[in-house]
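Written out below as structure tokens is the structure these notes cover.
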Amino acid sequence: MVERTGLILIGAPGSGKGTQAKKLKDQLGFAHISTGDLLRAAVAAGSKLGLDAKGYMDAGGLVPDALVIDLLREALTEPAAAKGFILDGFPRTIPQAEALDAAVRIDRVIDLQVPFDLIEERITGRRMSPSGHVYHVKYSPPKIEGTCDVTGEKLYQRSDDTPEKVRARLEKFDAETRPVIARYQSRRIVVAVDGVGDPEAVFTRIMAVL
Ligand code: AMP
């Protein structure tokens with residue numbers, strides 16, 4: 001059997017992980033697994049997982065490891081992940097990384113670096129369509145304000161994309177996720193990529209290091 005490729009896109013909230021993961025998925029044909037997207041879908045569906053996760057997400061905190069680890073394990077078994085997978089927003093803590101390493105091989109970790117002072121503007125200007133297209137009011141606005149170019153759906157702002165919650169999320173990143181990067185650095189599989197600039201330029205940088 002051909003071994004599948006495991007990639008992690010790691011970086012602070014607003015570093016562009018989701019945007020780049022979608023591009024990588026299109027380019028490589030791998031599954032894009034975003035625990036944030038899976039959790040938001042669970043919240044929207046009103047499932048038990050969604051109800052359990054909502055409070056943590058609304059506060060800009062992290063959802064308990066046990067919940068996200070179960071979610072990830074399930075996503076990895078999907079047929080789309082057979083060739084390869086791109087993890088976006090997982091692992092965010094050392095216990096999550098340990099659970100991941102016990103389940104699959106990780107080949108490369110892309111550490112998407114964006115200075116914190118650019119992040120608040122990126123996140124607070126972000127607007128989403130229910131089908132997953134992402135815009136920015138200043139940098140990549142839709143043609144008609146508040147409306148998705150692709151689907152015509154009404155855009156919304158994530159409830160955790162406010163300045164106060166962004167600060168809480170960045171604190172979590174420093175405290176919980178930086179040690180995860182260090183864990184993979186000791187294995188020499190981390191490549192740092194400059195995440196500043198337009199998404200196409202960042203994507204070219206990522207492809208150059210893969
Ligand atoms: P994201 O879309 O990746 O920014 O995730 C949105 C929110 O979902 C985060 O702020 C967390 O509350 C929660 N979340 C997503 N992935 C994880 C994870 N791996 N561990 C814990 N919480 C997570």
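This is a predicted model, so every value here is computed, not measured. Counting starts at 1 for both ligands and their atoms, following the listed order. In what follows, every heavy atom counts, from backbone to side chain, and hydrogens, waters and symmetry copies are set aside.
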Next item on the list: Assess R158 for proximity to ligand 1: is some non-hydrogen atom of it under 4.0 Å away?
Entry: yes

Next item on the list: Could you tell me whether D88 and ligand 1 have an N or O pair separated by under 3.5 Å?
Entry: no

Item checked: Residues forming a side chain to side chain contact (heavy atoms under 4.5 Å, CB included) with K138, sequence neighbours excluded -> E121, H136

Notebook entry, point to check: D107 and R4: salt bridge (Lys or Arg N to Asp or Glu O under 4.0 Å), yes or no, with the steps?
Noted result: CA-CA 9 Å; D107 298 285; R4 65 176 166 182; over 6 Å; no

Next item on the list: Examine the proximity of ligand 1 to V63 and report which part, side chain or backbone, both or neither, has a heavy atom under 4.0 Å away.
Entry: both

Next item on the list: Tell me which one of M57, M128, Q96 gets a heavy atom nearest to atom 7 (C) of ligand 1.
Entry: M57

Next item on the list: Examine the proximity of ligand 1 to R169 and report which part, side chain or backbone, both or neither, has a heavy atom under 4.0 Å away.
Entry: side chain

Check: Hydrophobic cluster mates of L28, side-chain heavy atoms under 4.5 angstrom, ILVMFWY only, any path?
Finding: L7, L9, L24, F30, I86, I110, L112, V191, V193, V202, F203, I206, M207, V209, L210

Check: Starting from atom 18 (C) of ligand 1, which protein heavy atom do you reach first, and at what distance in Å?
Finding: R92 CD, 3.5 Å

Next item on the list: Decide if atom CD of Q113 counts as having more than 12 heavy atoms of other residues, nucleotides or ligands within a radius under 6.0 Å.
Entry: yes

Next item on the list: Return yes when atom CZ of R188 has more than 12 non-hydrogen atoms of other residues, nucleotides or ligands closer than 6.0 Å, and no otherwise.
Entry: no

Check: Ion pair present between D37 and R40, side-chain N to carboxylate O less than 4.0 angstrom?
Finding: yes

Item checked: R40, portion touching ligand 1 at heavy-atom distance under 4.0 Å -> side chain

Check: Under a 4.0 Å N-O cut-off, is there an ion pair linking K48 with D52?
Finding: yes

Margin query: Exactly one of H133, E145, Q157 should register a side chain to side chain contact (heavy atoms under 4.5 Å, CB included) with R127. Which one does?
Written below: Q157

Next item on the list: For ligand 1, find out whether one of its N or O atoms is nearer than 3.5 Å to an N or O atom of G89.
Entry: yes

Margin query: Give me the nearest non-hydrogen protein atom to atom 13 (C) of ligand 1 as residue plus atom name, then the distance to 0.1 Å.
Written below: L39 CD1, 3.6 Å

Checklist line | Heteroatom distance test (G61, ligand 1): nitrogen or oxygen, under 3.5 angstrom | finding: yes

Notebook entry, point to check: Is T35 in polar range of ligand 1, meaning some N or O pair under 3.5 Å apart?
Noted result: yes

